[in-house]
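Shown below is the structure under consideration.
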Amino acid sequence: MPEGPARPVVVLIGAPGAGKTRLGKRIGRLLGVPFVDTDKRIVAAHGPIAAIFAEHGEARFRAIEREQVARALSERAVVALGGGAVLDAATQADLAGHRVVQLTVSREAVEKRIVGDKRPLVNGVEAWAALVEVRRPIYDLLADRTFDTSNLPLDSIAADVVSWIQENPHD
Ligand SMILES: Nc1ncnc2c1ncn2[C@@H]1O[C@H](COP(=O)(O)OP(=O)(O)O)[C@@H](O)[C@H]1O
Ligand SMILES: O=C(O)C1=C[C@@H](OP(=O)(O)O)[C@@H](O)[C@H](O)C1
Ligand SMILES: [Mg+2]
């Protein structure tokens with residue numbers, strides 16, 4: 001069979017602090033597939049995220065993010081998006097054609113994870129909860145499967161995600 005265009009093995013979405021970046025790295029390693037974090041690419045091309053927000057505003061950050069998301073979605077990789085990437089309409093449309101895993105985390109668990117956080121929009125757990133309330137329907141709509149990361153070690157969640165991928169080939 002001819003190979004189609006390159007595409008991610010899985011795309012990770014979900015709230016800030018849910019573990020997309022850490023788990024994506026592990027899932028890529030377990031599958032022997034490169035790992036792409038769109039935030040990391042944004043930083044490499046444009047500098048620190050907090051500085052982009054401070055100097056140019058969120059709209060500019062989202063435009064830069066959209067470019068990096070579109071690029072990542074054309075690669076054979078495990079792809080972790082930033083938590084707000086799904087706000088973009090074109091990204092929402094693109095994700096309908098990919099295998100998408102949502103990672104969730106409880107308010108109690110994330111509270112410990114975001115202490116001293118540098119994410120510009122996550123200034124304390126109240127701000128985090130407000131973001132997630134707005135985004136949750138979008139995450140739920142786009143996800144093929146959801147894994148909660150609140151109470152399990154990273155290695156165990158990564159193994160669960162890999163098993164699910166292997167048991168559910170994506171057409
Ligand atoms: N399952 C987990 N158990 C404990 N801590 C976790 C877990 N997943 C992520 N973390 C911690 O939460 C923080 C945020 O993780 P990260 O992967 O950057 O999340 P995201 O990319 O979704 O914002 C990191 O400090 C990470 O070590
Ligand atoms: O939720 C958001 O709007 C953001 C989440 C961050 O990524 P993580 O979800 O990987 O923390 C990063 O893209 C930026 O700070 C904005
Ligand atoms: Mg991340």
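All ligand and atom numbering here is 1-based and tracks the order in the structure.
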Query - Numbered atoms of ligand 2 (with element) below 4.0 Å of P120, judged on heavy atoms - result: 15 (O)
Query raised in the report: Going by the atom numbers of ligand 1, which of them fall below 4.0 Å from some non-hydrogen atom of P16?
Result: 23 (O)
Requested in this report: Can you see which heavy atom on A72 is nearest to which on P8, and at what distance?
Outcome: O-CG, 3.9 Å
Query raised in the report: Looking only at non-hydrogen atoms, which of Q68, R22, R62, K20 approaches atom 3 (O) of ligand 2 most closely?
Result: R62
Report task. Compute whether any side-chain donor of one residue and acceptor of the other, for T149 and R113, lie under 3.5 angstrom apart. Result -> yes
Query raised in the report: Relative to the heavy atoms of D39, which atoms of ligand 2 are at a distance of less than 4.0 Å?
Result: 6 (C), 7 (O), 8 (P), 10 (O), 12 (C), 13 (O)
Requested in this report: Kindly say whether A15 contributes a backbone atom to a donor-acceptor pair with the side chain of K20 at under 3.5 angstrom?
Outcome: yes
Requested in this report: Give a yes/no verdict on whether any heavy atom in G17 is under 4.0 Å from an atom of ligand 1.
Outcome: yes
Query raised in the report: Can you list the atoms of ligand 1 that are under 4.0 Å from a heavy atom of L152?
Result: 1 (N), 2 (C), 3 (N)
Query raised in the report: Does CG belonging to N151 count more than 12 external heavy atoms closer than 6.0 Å?
Result: no
Report summary line: Only residue of D39, T38, D37 satisfying side-chain hydrogen bond (donor to acceptor under 3.5 Å, both in side chains) with T21 is D37
Query raised in the report: For atom 18 (O) of ligand 1, what's the nearest protein heavy atom and its distance?
Result: R119 NH2, 3.3 Å
Query raised in the report: Counting distance only, does the side-chain N/O of S156 pair as donor-acceptor with the main-chain N or O of L152 below 3.5 Å?
Result: no
Report task. Considering heavy atoms of the protein only, find what lies nearest to atom 8 (N) of ligand 1 and give residue, atom and distance to 0.1 Å. Result -> L154 CD2, 3.2 Å
Query raised in the report: Got a donor-acceptor contact below 3.5 angstrom from the R99 side chain to the V9 backbone?
Result: yes
Query - Subset of ligand 2 atoms that lie under 4.0 Å from at least one heavy atom of L121 - result: 3 (O)
Query - Under 3.5 Å: N/O of A15 near N/O of ligand 2 - result: no
Query - Per-atom contacts, ligand 1 versus T149 - under 4.0 Å to a heavy atom - result: 1 (N), 2 (C)
Query raised in the report: Do any heavy atoms of R135 fall under 4.0 Å from ligand 2?
Result: yes
**Report entry** Closest approach of any protein heavy atom to atom 11 (O) of ligand 2, naming residue and atom
**Finding:** R119 NE, 2.4 Å
Report summary line: The atoms of ligand 1 lying under 4.0 Å from a heavy atom of G19, numbered in the order shown, are 8 (N), 9 (C), 15 (O), 16 (P), 17 (O), 19 (O), 20 (P), 22 (O)
**Report entry** Lys/Arg-Asp/Glu bridge criterion (N-O < 4.0 Å) met for E58, R62
**Finding:** yes
Requested in this report: Starting from atom 12 (O) of ligand 1, find the nearest protein heavy-atom neighbour and note its residue, name and distance.
Outcome: R113 CD, 3.0 Å
Query raised in the report: Which of these passes side chain to side chain contact (heavy atoms under 4.5 Å, CB included) with V101: V11, L12, I27, D144?
Result: L12
Query raised in the report: Are side-chain heavy atoms of I49 and P120 found at a separation under 4.5 Å?
Result: yes
Query raised in the report: Under 4.0 Å from ligand 1, counting heavy atoms only, is it the side chain of S150, its backbone, both or neither?
Result: neither
Report summary line: Honestly, for K40 the part within reach of ligand 2 (heavy atoms, under 4.0 Å) is neither
Query raised in the report: Any heavy atom of A80 sitting closer than 4.0 Å to ligand 1?
Result: no
**Report entry** Under-4.0 Å heavy-atom contact with ligand 1, by part of I157 that carries it
**Finding:** side chain
Query raised in the report: Between NZ of K25 and CG of L154, what distance do you get to the nearest 0.5 Å?
Result: 10.5 Å
Query raised in the report: So, are R41 and E75 salt-bridged, with charged N and O less than 4.0 Å apart?
Result: yes
Report task. Identify whether the distance between the nearest side-chain nitrogen and carboxylate oxygen of D160 and R145 falls below 4.0 Å. Result -> no
Report summary line: In ligand 1, the atoms that come under 4.0 Å of a heavy atom of A15 are 22 (O)
**Report entry** Which residue and heavy atom of the protein sit nearest atom 27 (O) of ligand 1, plus the separation
**Finding:** R22 NH1, 3.1 Å
Query raised in the report: Starting from atom 5 (C) of ligand 2, which protein heavy atom do you reach first, and at what distance in Å?
Result: G83 N, 3.5 Å
